[in-house]
Amino acid sequence: MKTKISLFAMALCTFSLLAQNMNNVQMPEITRINSRKFINVPNIMGYKTLKCDFHMHTVFSDGQVWPTIRVDEAWQEGLDVIAITDHIENNPSKKFVSGDDNSSYEIAKPYAEKKGILLIKGAEITRAMTPGHFNALFLTNTNELDTPNYMNAFEAAKKQGAFIIWNHPGWKAQQPDTCKWWDIHTELLNKGMLHAVEVFNEQEYYPIAFDWCNEKGIAYTAASDIHGLVENLYDLSKNHRPMTLVLATENSESALKEALFAGRTIAWFGHFLAGKEDYLREFFKASIKISQISDKKVYRVVNVSDVPFILKSTDGTQFTIAAFSESTIEIPVSNKGDFEVVNLIIRSNKNLSVKFPF
Ligand SMILES: [Zn+2]
Ligand SMILES: [Zn+2]
């Protein structure tokens, strides 16, 4: 019986090979199913939470990929918005890649529209310290920023209505021993030419920059500043690229711009969130659903976000609410319920405080 079945299977197989063009036998089963991840973050305060990366490079500056690859990566990772921010002043591939400062956007834009990714026109003003490197977003003509005097570049960006971010303020190549806010940054701020800072860039963060955001009224951002492939730098099976969450009325360029100028942002890097206290409190509240399952302070906790929450109390009680899952936690009867969420940062030396049960 066995022999009969295998002979029959072989005959079928031969038949199916003969039915095809023998010079071209396709094996779709070995290819990857092209899919988009979901990033789970709650919408809060009546806004939609947009997942954004405002800093990345292509072969049109010192990056290693063609602009459309940035769209594919963002789509696969579940982002909503990206800005390609090629260096205006640094293009080592110029000999091999023609075009100008608008080219990476122009190439990627039609593809981004097709994939449903909002692509913002941006560029990196790349100067020595001071003032350093800055991303200008919502540009209309990047070529106008290509000018010897940096203040002329900032003026051109402002004229185009740009939102301007100070990038990697504590980058060791520019500030080896410190992360200092200089007089020029106050001047740019006063002239309406500085609206945000990267508190996190690629794989490093700058605690002092959290305080600048609060004291100077600028927005928190986090970005990948990716030059090669995203998946070569970050372990995407366990983590996500650094990104800025923007609380916008809708997913559109005008709503995004309004939200950024209003400072409605949260920086997300690793398992940390950094931002204004009220935004982080609302994010935490919207992520957690809690119910008591016994009168001995045992609780069922559901976390609907991809951010874990690590809680610590002054009496030494400590627990983690795992990301996007359900946990059971037991609080000692003596505990008063005052907790600090150690991975939600509201100042360089202060985390979000919450009262249990939340
Ligand atoms: Zn830079
Ligand atoms: Zn950069």
Side-chain angles (χ1 to χ4, degrees), residues 52-67 69-71 73-74 79 81-94 97 99-105 107-108 119-139 142 145-147 150-151 153-154 157 162-176 178-182 184-185 188 193-206 208-209 212 218-234 241-244 260 267 269:
C52 315
D53 185 0
F54 298 124
H55 193 166
M56 62 192 70
H57 297 273
T58 74
V59 290
F60 286 87
S61 60
D62 58 349
Q64 284 139 37
V65 307
W66 192 248
I69 297 298
R70 293 293 175 228
V71 176
E73 290 175 320
L79 273 74
V81 185
I82 57 169
I84 295 173
T85 48
D86 280 315
H87 299 288
I88 295 169
E89 302 84 349
N90 176 24
N91 185 356
S93 302
K94 195 79 190 165
V97 183
D100 60 25
D101 293 317
N102 292 313
S103 298
S104 47
Y105 173 84
I107 291 165
L119 178 70
I120 302 301
K121 188 169 196 171
E124 186 166 7
I125 300 170
T126 309
R127 305 290 173 142
M129 276 298 278
T130 57
H133 294 194
F134 297 78
N135 278 343
L137 310 181
F138 307 107
L139 294 174
T142 308
L145 278 64
D146 203 348
T147 164
Y150 71 76
M151 201 46 96
F154 278 93
F163 181 82
I164 303 176
I165 305 166
W166 181 11
N167 300 338
H168 45 72
W171 183 35
K172 287 201 176 297
Q174 291 199 318
Q175 303 226 58
T178 182
C179 181
K180 187 180 161 187
W181 177 281
W182 300 77
I184 182 64
H185 301 113
L188 291 170
M193 296 172 179
L194 180 54
H195 310 102
V197 64
E198 284 181 347
V199 299
F200 187 96
N201 174 284
E202 195 195 64
Q203 54 188 303
E204 61 187 28
Y205 68 101
Y206 319 102
I208 190 72
W212 297 343
I218 55 175
Y220 290 75
T221 67
S224 68
D225 196 1
I226 193 73
H227 286 68
L229 290 169
V230 174
E231 65 173 357
N232 284 357
L233 182 64
Y234 301 107
R241 76 166 87 183
M243 65 184 86
T244 305
L260 283 173
F269 46 99

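For ligands, and for the atoms within them, numbers begin at 1 and follow the listed sequence. Note that the structure is a prediction, hence the values are computed from the model and not measured.
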Check whether any N, O or S atom of H227 sits under 2.8 Å from the Zn ion (ligand 2). no
Centre-to-centre under 6.0 Å for F134 and Y150, is that the case here? no
Do any N/O/S atoms of [X] come under 2.8 Å of the Zn ion (ligand 1)?
X: H55; value: no
X: D225; value: no
X: H87; value: no

Closest to the Zn ion (ligand 2), among the N/O/S atoms of H57, is atom NE2
Which atom of [X] approaches the Zn ion (ligand 1) most closely (N/O/S):
X: E124; result: OE2
X: H168; result: NE2
X: H133; result: ND1

Would you say the side-chain atoms of E73 pair up with the backbone N or O of V230, donor to acceptor, closer than 3.5 Å? yes
Donor-acceptor pair, E124 side chain versus H55 backbone, under 3.5 Å? no
Closest non-hydrogen atom pair, P242 against E202: CG-O, 3.9 Å
Might you point out which heavy atoms bring C179 and P169 nearest each other, and give the distance in Å? SG-C, 3.9 Å
Between the side chains of S224 and D53, does any donor sit under 3.5 Å from an acceptor? yes
